[in-house]
Amino acid sequence: MALPIVASRLQIVALDVVMAQSVYANSRDVDNERFLPDEVFESINDARERIGALVANYGRKDKPLVFAVTLIGKNEQIGHLQAIPGENGWEVGYHIAKAHTGKGYATEALEAFLAPAMAYLGLSKINGVCHVDNIASRRVMEKCGFILGFIGMGCMHGVQQPLSRYSFEAKSPT
């Protein structure tokens with residue numbers, strides 16, 4: 001996938017092990033620990049190792065693709081975006097560090113990411129799943145044009161929990 005993907009205030013770039021400190025710190029914020037427990041790192045070295053494994057997936061279309069979200073002009077990693085193969089097709093995921101939430105960055109990043117990620121993966125549809133109580137994530141998907149298809153119990157992060165499942169279909173050229 002061609003990077004960087006540039007939006008008005010941020011850009012989506014390849015992960016790099018030099019981001020280990022910020023990736024570790026962002027993984028430890030309250031919302032990440034609550035909603036994405038499998039993305040919480042025990043140490044900076046743990047984050048560095050995971051980044052290395054994720055970077056090894058670049059260029060593949062059968063493994064999770066995870067990218068950093070950075071502020072333009074600040075070279076500051078404030079979160080991540082991902083496309084991952086799931087049970088019902090590919091899913092998007094995202095997290096913006098608590099210090100940067102409420103500013104529209106998740107919506108801006110996801111909007112910028114959808115078309116290039118779907119084109120790269122050859123998808124006409126992509127899914128989004130979050131805990132039913134993750135109102136911020138649900139709002140982001142809805143603002144980006146995702147359609148709610150299911151609310152109920154399901155497995156996420158290896159645990160049965162109340163979920164909201166969304167889908168997004170690429171607009172066909174007219």
Side-chain angles (χ1 to χ4, degrees), residues 1-7 9-87 90-114 116-118 120-121 126-131 133-141 144 155-161 163:
M1 186 160 50
L3 296 173
I5 299 168
V6 180
R9 300 174 295 163
L10 49 82
Q11 60 185 356
I12 300 159
V13 300
L15 283 170
D16 190 303
V17 292
V18 300
M19 298 173 180
Q21 171 63 45
S22 62
V23 168
Y24 166 74
N26 293 344
S27 84
R28 303 304 297 204
D29 74 40
V30 169
D31 287 339
N32 201 59
E33 288 182 344
R34 179 175 178 204
F35 296 121
L36 302 169
D38 61 336
E39 295 178 11
V40 176
F41 301 108
E42 295 299 319
S43 67
I44 295 170
N45 194 49
D46 190 26
R48 187 177 296 112
E49 288 176 12
R50 185 70 178 131
I51 291 168
L54 292 168
V55 167
N57 292 338
Y58 290 164
R60 297 194 58 176
K61 295 183 182 181
D62 61 336
K63 297 284 184 181
L65 299 172
V66 184
F67 305 98
V69 177
T70 64
L71 295 174
I72 291 177
K74 294 191 179 179
N75 200 27
E76 177 184 357
Q77 187 266 344
I78 64 164
H80 72 272
L81 278 165
Q82 60 190 17
I84 58 173
E87 291 178 18
W90 283 83
E91 298 176 357
V92 294
Y94 45 87
H95 176 73
I96 299 296
K98 191 73 169 166
H100 298 282
T101 59
K103 300 173 184 173
Y105 291 141
T107 302
E108 185 176 332
L110 185 56
E111 284 177 336
F113 182 67
L114 283 171
M118 291 174 73
Y120 176 76
L121 294 167
I126 196 160
N127 302 307
V129 179
C130 66
H131 191 283
D133 292 340
N134 191 342
I135 302 302
S137 187
R138 293 176 66 185
R139 270 198 197 129
V140 166
M141 285 189 274
C144 291
C155 188
M156 186 170 69
H157 308 295
V159 177
Q160 285 290 318
Q161 54 190 301
L163 301 177

Any side-chain heavy atom of [X] sitting closer than 4.5 Å to one from [Y]?
X	Y	value
F113	M118	no
N127	W90	no
N134	R34	no
V92	L110	yes
C144	T107	yes
L65	Q82	no
V66	L81	no
D133	I135	no

Taking all heavy atoms of [X] and all of [Y], pick out the closest pair and write down the distance.
X	Y	value
A47	V23	CB-CG1, 4.2 Å
A7	I72	O-CD1, 3.3 Å
A83	L121	CB-CD1, 3.9 Å
R138	C130	CG-SG, 3.3 Å
C155	Q160	CB-NE2, 3.5 Å

Contacts of type side chain to side chain donor-acceptor pair (under 3.5 Å), residue [X], not counting sequence neighbours:
X	result
H100	E76
R50	none
E49	N45
E91	none

Sidechain-backbone polar pair: [X] side chain, [Y] backbone, donor-acceptor under 3.5 Å:
X	Y	value
N26	A97	no
Q11	V69	no
E108	R9	yes
Y105	T70	no
S27	F41	yes

Exercise for the section: Just jot down the salt bridge (Lys or Arg N to Asp or Glu O under 4.0 Å) partners of R139, sequence neighbours excluded, or say none. Expected result: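 Checked R139 against salt bridge (Lys or Arg N to Asp or Glu O under 4.0 Å); zero matches.
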
Identify every side-chain donor-acceptor pair in residues 13-22 under 3.5 Å, counting partners at least two apart or on other chains, and give the distances.
| from | atom 1 | to | atom 2 | distance (Å) |
| --- | --- | --- | --- | --- |
| D16 | OD1 | V18 | N | 2.9 |
| S22 | OG | M19 | O | 3.1 |
| S22 | OG | Q77 | OE1 | 2.9 |

Practice task
Examine F67 together with Y58 and report whether their ring centres are nearer than 6.0 Å.
Solution key: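 Under 6.0 Å, so yes.
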
Practice task
Scan for salt bridge (Lys or Arg N to Asp or Glu O under 4.0 Å) pairs involving residues 94-103, sequence neighbours excluded, and state none if there are none.
Solution key: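 Counting only pairs at least two positions apart or across chains, the salt bridge (Lys or Arg N to Asp or Glu O under 4.0 Å) contacts touching residues 94-103 are D31-K98.
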
Practice task
Enter the distance from H95:NE2 to H80:NE2 here, rounded to the nearest 0.5 Å.
Solution key: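 Nearest 0.5 Å value for the NE2-NE2 distance: 7.5 Å.
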
Exercise for the section: Sequence neighbours left out, what passes ring-ring contact (aromatic ring centres under 6.0 Å, His included) with H131? Give chain and number order. Expected result: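 ring-ring contact (aromatic ring centres under 6.0 Å, His included) list for H131, sorted by chain: F35.
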
Handout entry: ring-ring contact (aromatic ring centres under 6.0 Å, His included) partners for Y120, two or more places apart
Key =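 With sequence neighbours excluded, Y120 shows a ring-ring contact (aromatic ring centres under 6.0 Å, His included) to no residue whatsoever.
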
Handout entry: Partners meeting side-chain contact (heavy atoms from CB on, under 4.5 Å) with E87 (sequence neighbours left out)
Key =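 None.
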
